[in-house]
2 protein chains.
Amino acid sequence: MPRMLAEKSDAVAAIAEVFREHGYEGASLSQITAATGFGKGSLYHFFPGGKEDMAAHILAHIDHWFETELFAPLRTGDPATAIARMMQSVTTYFQSGHRICLVGAFALTGTRDRFATPIAHYFRRWINALETALHRTGLDQTQASQQAETAVLAIQGALVLARALNDETVFTRALHRIEADLLRPARPASQPPTGQGSGGLDGGAA
Amino acid sequence: MPRMLAEKSDAVAAIAEVFREHGYEGASLSQITAATGFGKGSLYHFFPGGKEDMAAHILAHIDHWFETELFAPLRTGDPATAIARMMQSVTTYFQSGHRICLVGAFALTGTRDRFATPIAHYFRRWINALETALHRTGLDQTQASQQAETAVLAIQGALVLARALNDETVFTRALHRIEADLLRPARPASQPPTGQGSGGLDGGAA
DNA sequence: CCAATTCTGTACCAATCGGTACGATCAATA
DNA sequence: TATTGATCGTACCGATTGGTACAGAATTGG
């Protein structure tokens, strides 16, 4: 069987950057050919489904990287170490806020409807993995769930705000605070702020 | 002088929704004409600069709305009341997470470079106004600044995550937590955020 | 070596892109 | 009501869109 002259995965990373820059709908094939160095022929050979096929491969690639690099350690490794490693990996991966989260960006436009399943899976697994780690540090299930959701949410917010203000210190400052919150020793059943409770029951999504 | 047959501002709101749906680069003029009901003639009469002109007007409109509805009360009104009102307005404006923040979405793609100034101004003024309110509740300047940045950041993250998971409870849960954090009575001089202290466990981020 | 198969550049397609031109249409004033 | 100038629809422009077709270059197994 003839080996490939070039790797499909070579293109995936380059295309991802085009999507990061212009969004899914805003990215044109000519920009993609320029960024990858591949002609349309090669592109449609690798990705017969066109742009949608490319985006699907990119999301799968991102998902796989986070799974092995972050999620798995959170689920099975030493919790505190895995959490510290997560913050480190996130900082590196997002280049201290200079690089955006493609999954988060996709979630904000109509692109979400096309890729709703992988987008939701990505964040759900991230939150669940972090929740598992927190639970194993001694936090009760409810607090672990809340903290995990809050942390992932804050990372996304940090990416938005750092880019909006064009200030990477916003990102690094936020990540330090998030890490401190996560590694803070478990509090013994702190009383909820009000009787309201904000629907504290588990938020199983649809 | 002939009165206007239709208001420019009528179009602004409709165009904003198109941008929310498809992003700036992904929004086409035909989608805009369909959404507004205006033909290209009217559109280019109102916005001689084309798409970029439209987006600039939209950003100005959003900025003005937030300025009068949120920022001004935060700066001059009763702090606790203004903060509570802010959370209420944010919930309504973003429809509990079903509607995205156009400014935040613009910040994530290359669109940011086109509108860097209004985007940065929007978030900077939001943070500053909230910081002022917090300072007037008794928080010292450093803590007020930190809390304000954290809150605005969390709101943006809540919008991303709620849309990604298609679960509005993520948004409402986050907003309740943010409000509780903001209105929590000032703590007496906890150590500044620069300290990496916390657990003192193995080394933190780079 | 050569054939088989994988890869890749180019030409091409209908459709649509953002934008312009311009005559028709409208409401208000005089 | 006639005039006026803002408002609006439509036809049209060159350029570009996402996508297809296909011949030829590259790379392997035999």
Side-chain angles (χ1 to χ4, degrees), chain A residues 1-59 61 102 105-106 109-115, chain B residues 1-59 61 102 105-106 109-115:
Chain A
M1 157 197 312
R3 284 294 316 284
M4 287 182 279
L5 298 181
E7 272 295 337
K8 197 167 161 178
S9 58
D10 295 342
V12 169
I15 300 173
E17 294 311 312
V18 178
F19 283 149
R20 277 182 223 271
E21 178 70 12
H22 303 282
Y24 176 76
E25 305 201 46
S28 72
L29 278 194
S30 63
Q31 290 165 337
I32 293 173
T33 59
T36 57
F38 291 124
K40 287 184 168 191
S42 314
L43 250 23
Y44 274 85
H45 175 73
F46 289 139
F47 312 101
K51 268 172 74 175
E52 183 153 358
D53 206 352
M54 301 177 198
H57 276 85
I58 290 170
L59 288 176
H61 180 264
L102 196 57
F106 277 10
T109 66
T111 308
R112 182 200 56 168
D113 300 330
R114 266 185 211 268
F115 306 105
Chain B
M1 146 194 329
R3 282 294 315 286
M4 287 182 280
L5 300 181
E7 275 294 335
K8 196 168 161 179
S9 58
D10 294 343
V12 169
I15 299 173
E17 294 310 312
V18 179
F19 283 148
R20 277 182 224 271
E21 178 70 13
H22 303 282
Y24 175 76
E25 305 200 46
S28 72
L29 278 194
S30 65
Q31 290 165 337
I32 294 174
T33 60
T36 58
F38 292 124
K40 288 186 172 189
S42 314
L43 249 22
Y44 274 85
H45 175 73
F46 289 140
F47 312 101
K51 268 172 75 174
E52 183 153 358
D53 207 351
M54 300 177 199
H57 276 85
I58 289 170
L59 288 176
H61 180 265
L102 196 57
F106 277 10
T109 67
T111 308
R112 182 200 58 165
D113 300 330
R114 266 184 211 268
F115 306 105

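Convention: sequence-line order gives letters A, B, ...; per-chain numbering from 1.
Rounded to whole angstrom, the span from the NE2 atom of A:His45 across to the P atom of D:dA23 amounts to 17 Å. Distance, B:Phe46 CZ to C:dG19 P: 17 Å, rounded to whole Å. Distance, A:Leu29 CG to C:dC17 C1': 14 Å, rounded to whole Å. Nucleotide C:dG18 holds its C1' atom 13 Å from the CD atom of B:Gln31, rounded to whole Å. Rounded to an integer number of Å, the gap from CZ of B:Phe47 to C1' of D:dT7 is 13 Å. Distance, B:Ile15 CD1 to C:dG18 C1': 14 Å, rounded to whole Å. The NE2-C1' distance, from B:His22 to C:dG18, rounds to 16 Å in whole Å. Rounded to whole angstrom, the span from the OH atom of B:Tyr24 across to the P atom of C:dG18 amounts to 10 Å.
The two residues B:Glu21 and A:Glu25 make their nearest non-hydrogen contact at O-OE2, 4.0 Å. Taking every heavy atom of both residues into account, B:Tyr44 and B:Leu29 meet most closely at OH-CD1, 3.3 Å. Contact record, A:Thr36 with A:Ala14: CG2-CB, 3.8 Å, taken as the closest heavy-atom pair.
Under the 3.5 Å distance criterion, the side-chain polar atoms of B:Tyr24 are left unmatched by any main-chain donor or acceptor of B:Arg114.
Taking the side chain of A:Lys40 as heavy atoms from C-beta on, and the options C:dG18, D:dT20, D:dG9, the nearest nucleotide is D:dT20. Of the candidates C:dT8, D:dG19, C:dG18, C:dG18 carries the atom nearest the B:Lys51 side chain, counting heavy atoms from C-beta on. In this structure, of C:dC17, C:dG19, D:dC8, it is C:dC17 that holds the atom nearest to the side chain of B:Ser28. In this structure, of D:dC8, C:dG18, C:dT8, it is D:dC8 that holds the atom nearest to the side chain of B:Ser42.
The residue B:Gly41 sits close to a base: some heavy atom pair falls under 4.0 Å.
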